[in-house]
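In this chain, residues are counted from 1 in sequence order.
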Amino acid sequence: MAWNSVADLAGVTQRLRDGMADGVLSFPLTTFREDGRLDLDAYRAYLTDRLATAPGAVFPACGTGEFFSLDEDEYRAVVEATVEIADGRLPVVAGIGYGWAQAARFARIAEEAGADALLVLPHYLVAAPQDGLVAQLEHIAARTRLPLIAYQRGQVAFTAESLKRIADIPNVVGLKDGHSDLDRLQRLTLAAPEDFLFFNGASTAEIQARAYATVGVPAYSSAVHAFAPEIANPFFIALKDGDDTVVTTLLREFYVPLVELRDRVPGYAVSLVKAAARLRGLPVGPVRAPLADPSAADLADLEKVLDHGLSLVGAVRRPV
C-alpha cells in the first residue's frame with residue numbers, strides 16, 4: 001500500500017510502534033537453491049512458518065535477507081510474496097540501498113509490491129559528510145510515498161544535528177542503529193521528535209538489548225528469530241517482563257557462545273544464521289557470494305550451540 005497523506009503516514013508509523021512493543025522484529029532469510037537461483041516456493045513456506053510465531057514486523061530483503069545479492073526481479077518477487085503472506089497482519093518493511101538513484105528504483109518496486117515502509121540500508125563503499133548523508137535520504141524520500149527508516153551502520157553515523165534534519169523530512173519516521181555507541185544514541189534520542197522510532201539493529205541484538213533499553217530504545221531486530229523463534233520469543237518476553245534470570249541464562253549459555261562463533265569469520269552474521277536454519281530442516285539453501293557457508297568445524301560447533309540453546313527453552317532441533 002502506498003501512503004500518500006499525513007494520516008496514512010501516522011497510521012503505518014503507529015503500526016510499527018505497536019509491533020515493536022509486541023514482538024521481535026523479524027528479518028527473514030532469502031531462500032536459494034543449491035545452484036544459486038531464488039527458490040520462491042521455499043521462501044513462502046519458510047516465511048509462513050516464521051510469521052506464525054508472531055513477530056512485531058517483518059523486514060524482507062534486508063541485510064539478513066541478502067538484499068545486496070538480489071537483482072530487481074528477485075527483489076520484487078520476495079517483497080510481493082512477503083506482502084501476500086503477511087496479509088495485513090503486521091507491517092512489511094522492505095530493504096532498499098546503494099546510492100540514492102538505485103535505492104529509489106528499489107523503493108518504487110517495493111511500493112508497487114505493496115510494502116508498508118522501507119529500511120534504507122547504508123550506501124555502498126564511500127564515506128560521506130553529514131550533509132551528504134542527509135541529502136541521500138532527502139533524494140530517496142522525494143521519490144517515494146512510503147515511510148523511511150534510516151539505518152546507521154558502517155560508514156553511516158548521524159550526529160544529533162543531522163538527526164533533527166532527517167526527522168524533518170516528512171516521510172522519514174525512524175532510525176535503526178547498528179553502531180552500539182550508547183552515548184551517541186542517547187544524544188540522538190534526545191534530539192528526535194517524541195514520535196520518532198528507534199530500534200536496536202546491532203548484530204545479534206539481544207546481546208545489547210538491556211543496554212539499549214537504558215537509553216530508551218527497547219525494540220530490536222532478531223536474527224535468531226530467523227532460525228529459532230523458540231529462543232528469540234522467550235528472550236523478548238523475559239526482557240519485557242524484567243525476568244533477569246531467564247535473560248541472563250539465555251545470554252550466558254546461548255547468545256554469547258553464538259556471538260563468539262559468529263565473530264570467527266566475516267559474513268557469519270548472515271551465513272551462520274542460514275546454516276542454523278538448515279540445521280532446523282528449514283529450506284533456505286546456501287548463501288550467495290561474496291558470503292560463504294560455514295566450515296565443517298564451525299558447523300559442528302554451531303550444532304552444539306543451537307542444541308543447547310533449544311534445550312534451555314524445552315525445544316529440540318528437529319521436532320518429531
Side-chain angles (χ1 to χ4, degrees), residues 1-5 8-9 12-13 16 27-28 30 32 36 38 58-83 91-159 161-179 196-197 201 221 267 270 288-291:
M1 179 181 296
W3 304 98
N4 54 20
S5 73
D8 290 336
L9 191 67
V12 72
T13 304
L16 283 166
F27 283 67
T30 300
F32 300 120
L38 177 68
V58 60
F59 290 68
C62 292
T64 305
E66 298 179 75
F67 164 80
F68 48 83
S69 74
L70 299 176
D71 67 28
E72 292 182 9
D73 290 339
E74 292 170 330
Y75 175 83
R76 182 186 297 275
V78 167
V79 177
E80 286 179 341
T82 306
V83 170
V92 175
V93 185
I96 62 172
Y98 307 114
W100 65 260
Q102 189 65 28
R105 289 174 63 91
F106 281 101
R108 183 166 59 253
I109 293 169
E111 187 171 329
E112 292 169 353
D116 295 294
L118 303 168
L119 178 67
V120 183
L121 303 172
H123 62 270
Y124 178 68
L125 188 61
V126 296
Q130 292 294 307
D131 285 347
L133 298 180
V134 173
Q136 164 90 339
L137 287 171
E138 289 174 336
H139 280 298
I140 297 169
R143 289 163 174 81
T144 181
R145 293 174 292 180
L146 294 182
L148 303 178
I149 298 172
Y151 186 7
Q152 64 169 18
R153 189 187 187 96
Q155 70 270 40
V156 177
F158 294 102
T159 63
E161 183 57 37
S162 293
L163 191 283
K164 293 177 184 177
R165 292 171 64 190
I166 67 171
D168 282 340
I169 301 170
N171 52 335
V172 175
V173 301
L175 180 76
K176 177 183 179 182
D177 176 71
H179 283 295
F196 202 73
L197 302 174
S221 59
V270 176
R288 276 181 173 175
L291 299 179

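Annotation: side chain to side chain donor-acceptor pair (under 3.5 Å) contacts involving residues 162-172, sequence neighbours excluded, comprise Q130-S162, D131-R165, T159-S162.
V12 has its side chain out of reach of L146: every pair of non-hydrogen atoms, C-beta onward, lies at least 4.5 Å apart. Counting only heavy atoms from C-beta outward, the side chains of V58 and P28 approach each other to under 4.5 Å. Here the side chains of L137 and V120 are in contact, with some heavy-atom distance below 4.5 Å. For the pair F32 and S69, the minimum side-chain heavy-atom distance is below 4.5 Å. Under the 4.5 Å side-chain criterion, counting only non-hydrogen atoms from C-beta, H123 is in contact with L133. At a threshold of 4.5 Å between non-hydrogen side-chain atoms, the residues F106 and I140 do not count as touching. Residues R76 and E112 meet the side-chain proximity criterion, which asks for heavy atoms closer than 4.5 Å. Counting heavy atoms from C-beta on, the side chains of R153 and K176 never come closer than 4.5 Å.
With hydrogens and angles ignored, the 3.5 Å screen pairs a side-chain donor or acceptor of Q136 with a backbone N or O of W100. Between the side chain of H139 and the backbone N or O of A142 there is no donor-acceptor pair closer than 3.5 Å. In this structure, the side chain of E66 engages the main chain of R288 through a donor-acceptor pair within 3.5 Å. Proximity of a side-chain donor or acceptor of E74 to a complementary backbone N or O of D71 within less than 3.5 Å is detected. Judged by distance alone, the side chain of D116 and the main-chain N or O of V92 form a donor-acceptor pair under 3.5 Å.
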side-chain contact (heavy atoms from CB on, under 4.5 Å) assessment of T13 paired with L197: CA-CA 8 Å; T13 304; L197 302 174; 3.9 Å; yes
Stepwise side-chain contact (heavy atoms from CB on, under 4.5 Å) test for Y75 and I109: CA-CA 8 Å; Y75 175 83; I109 293 169; 3.7 Å; yes
Check against side-chain contact (heavy atoms from CB on, under 4.5 Å), V172 and I149: CA-CA 6 Å; V172 175; I149 298 172; over 6 Å; no
CA sep, side-chain torsions, deciding dist, call: L119, I96, side-chain contact (heavy atoms from CB on, under 4.5 Å): CA-CA 6 Å; L119 178 67; I96 62 172; over 6 Å; no
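When all heavy atoms are compared, the tightest approach of G267 to L291 is CA-CD2, 3.8 Å. P147 and L9 get closest at one heavy-atom pair: CG-CD1, 3.5 Å. Annotation for V78 and P60: closest pair CG1-CB, 4.2 Å, computed over non-hydrogen atoms. Across all their heavy atoms, D177 and Y151 have their closest contact at C-CE1, 4.4 Å. The two atoms that bring L70 and G65 nearest to each other are CD1-O, 4.2 Å, heavy atoms only. Shown here for G201 and S221, the closest heavy-atom pair between the two residues is CA-OG, 3.7 Å.
For the residue pair E111 and T144, a side-chain donor N or O sits within less than 3.5 Å of a side-chain acceptor on the partner.
For H179, the ring pair (Phe, Tyr, Trp, His ring centres under 6.0 Å) criterion is met by no residue, not counting sequence neighbours. For Y98, the ring pair (Phe, Tyr, Trp, His ring centres under 6.0 Å) partners two or more places apart in sequence, or in a different chain, are F67.
Interatomic distance, E138 CD to R143 CZ, rounded to the nearest 0.5 Å: 11.0 Å. Here L148 contributes atom CG and I166 contributes atom CD1; the two are 9.5 Å apart, rounded to the nearest 0.5 Å. Atom CZ of F59 sits about 11.0 Å away from atom OG1 of T64, to the nearest 0.5 Å.
Residue R105 qualifies as open at atom CZ: its count of foreign heavy atoms under 6.0 Å is 12 or below.
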